[in-house]
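Structure, as structure tokens:
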Amino acid sequence: MDYLENEFQDKFKDQKITSEDFDDDGLWDGISGNLPASGTRLTIWSKYGMIIITGIFSLTITLFLANYILDKNRTKVKDEVSILNSSRSSNPVQNDTTSTANGSNDGMREESSQSEIEKREVEKETTETREEKSDIQKEPQEAIQILKEKANSSLSALIKEGGVVIDNTNQTHQAESIEGAHEMVNAKTDTQKESMDENPFFEIKQEPDYLMKEQTGLARKHIDHIPNLSRQFVKLESLDGPYPFVNVMQISSMIPSAKPKKMWSLNTYGGTNALFVDHRSSTLSDLVALKNSTDHHAWGYSVGANASVRALNKLNLRLGFEYHQTWINFTYDTKSTSTRINENQLVTVWVDENSGQVIKEEYDDVVVPIHQTRSINHFNKIDLISLPIEAGFSKSFGRIDLGLWLGPVLHFAVDMNGRTIDANGELAEFGIGDSALTPFRQFGLGMRFSPTISYALNERWALSLLASYTYHPSKEFDQTDLQSDIHQLNLNMGIRHNFNAKH
Amino acid sequence: MQNRDAQRRVYDVLLPYLRAICRRYLRDVSFEKDVLQESFLKIFTKIEQYNPELASFKKWATKITINHCLNYNARVIKTPHEEFQDQHEILCLPKVIRQMSEDHLLSILKQMPVRQFEVFNLYVIDSYGHEEIARILAISEDVSRKRLSRARQWIKKTFQQTDSDSLPTKII
């Protein structure tokens, strides 16, 4: 046995095959074509990928933390307001002021002086609180200023008509005369102005239910900080008096924050994709049938992010950036027949028919046919970067938000390599530079339809499920009239952060 | 190593050796180009993983190629379309082995059961130990030894059958 194995080792160990018919250069072209071009291409892409992923992750964490801190601060401020209110309700000076707010001009003047006392008391209590709330007061102060102007103009109009004036106890009084009413209104307005100027949280009371129904959550935030003047106008709506001169809707329109804001959101997502290739041709039906039998869909993955803005009431616009690693499963069977010579084979035996004895044997080299079926299963890789620009409508059902989007998609192929059947029906390889054989153009424009569904976790965060169908327009193949349409399906899951544009 | 010229020089030096490896290990030599291309790509892209203290560069490249060949063999075995219809009686005189061409000898050896031939190739010709073979083929060392033993029996039966000059009397 050893001598046989030694023979084998001698023959095969360090064996070199240098036949002339081997296409060394062709193989080298195939190898070098698949090697990184500059040696830094893969590294650069992986670096960019890391930077983008890190950026998205950092942004998400920052927004989350910012949201968390804001929520904490808001809770703290509300707690302080509650404390302030409770201390004010036990203040006898303020109670007296409220109880003596009715009556004649003298009473009103007395109320005015008492309000000054009250103002000083409140000032003492609220100096610290006001400092802490200075940021929150900025927006309400604008609303208050508008309210003051509206109130003055409304009251002036009322006075001219001999109208109605409200006091803190929500009672109506018919003015005796225009002058008396004017004096009363001035006294009242001054008191209120002083109170407002000194403490915007003065006289914050529980909001009536009818107001809650009319205001958005955004408006409510500001309503919380509107002083008693606006409250009184709001309360007018509940009165049955003959001159309800300001209603809730007017109040809403006075408050800047009650207007719908542009809603911005950032969505990051990832998921799976599949490419379906459909070949068609008016003249090359055989090639179409062959290529349709060789190209099959395969699953890849996608990651991306988009920013959307609510442009109109329900109309949204969004712009995205996506990376898709897609595959086409290329399967092809080739059948071939070759021959091999087996030396010194027994080919003929002459046998005596009578005795059955072998008369002669003939040995010769025999050509043996070899039939082979070669099954090729190759995954063609196509890496795309897509920039979808979409418009869509959305509708909310409680926490669930449904949306339909439509728009063009710009795509850039960053890598394409694989195998295909060329126009001659022969097996061919392609790289990103072989534009005649690649399934995609290096740059193209497609169309996308995308239904989405999202579930709001809270005001700012939502989980989203995004499906999309993208049609990539046909591309001519290998200088023939064969067209290849590509249909791309995506199913992604992601997380969305909502935030408002600052005015 | 990203210099194309340097890569080409390495390619030119290694190609004859790796082609021989492919011819010897592949059950279906039509995959030769595929295997060579994938092997060279791996060699060039993973070259930073080569440790000169463990093995020579040629041996490292050979091992990569052998692994690719074995992977392709696994696919061929699993593919139902793949049928070799050239099964025929083996007749060979050991006295003329030395005069036989490598291709011819290899064509006879390749009629050995594929699993046994893989172990035989690795152990006898490429001088791998059973431990290494077990790791490459993902089998146990005992299985490796059994396959080698059966391969040797097959060779004995095939090449010593004609020692007795007992020629077959049937027509092929």
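Residue numbers begin at 1 in each chain, while the letters A, B, ... track the order of the sequences. Values below: all heavy atoms of this structure, side chains included; hydrogens, waters and symmetry mates excluded.
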Practice task
Could you check whether the rings of B/Tyr72 and B/Phe31 sit parallel, tilted or perpendicular, using 30° and 60° as the cut-offs?
Solution key: tilted

Exercise for the section: Kindly assign one of parallel, tilted or perpendicular to the pair A/Trp299 and A/His297, based on the angle between their ring planes and the thresholds 30° and 60°. Expected result: perpendicular

Exercise for the section: For the pair A/Phe379 and A/Trp327, name the ring-plane relationship: parallel under 30°, tilted 30 to 60°, perpendicular over 60°. Expected result: perpendicular

Exercise for the section: Could you look at B/Arg23 and say if it's the side chain, the backbone, both or neither that has a heavy atom under 4.5 Å from chain A? Expected result: side chain

Completion exercise
The interface call for A/Glu429 against chain B, heavy-atom contacts under 4.5 Å, is side chain

Exercise for the section: Go through the atoms of A/Asp29 and report whether side chain, backbone, both or neither lie under 4.5 Å from a heavy atom of chain B. Expected result: neither

Handout entry: Row check, B/Tyr25 ring normal vs B/Lys110 NZ/CZ: under 6.0 Å, within 45°
Key = no

Exercise for the section: Residue by residue, scan residues 126-137 of chain B and write down, ordered by number, those that have a heavy-atom distance under 4.5 Å to chain A; if none do, write 'none'. Expected result: B/Asp126, B/Ser127

Problem - chain A contact via B/Leu106 - which portion, at a heavy-atom distance below 4.5 Å - result: both

Practice task
Any chance you could measure B/Gln7, atom CD, to A/Ser32, atom OG, to the nearest 0.5 Å?
Solution key: 8.5 Å

Handout entry: Straight-line distance of A/Leu27 CG to B/Tyr11 OH, nearest 0.5 Å
Key = 3.5 Å

Problem - Aromatic plane relationship, B/Trp60 with B/Tyr50 - under 30° parallel, 30 to 60° tilted, over 60° perpendicular - result: tilted

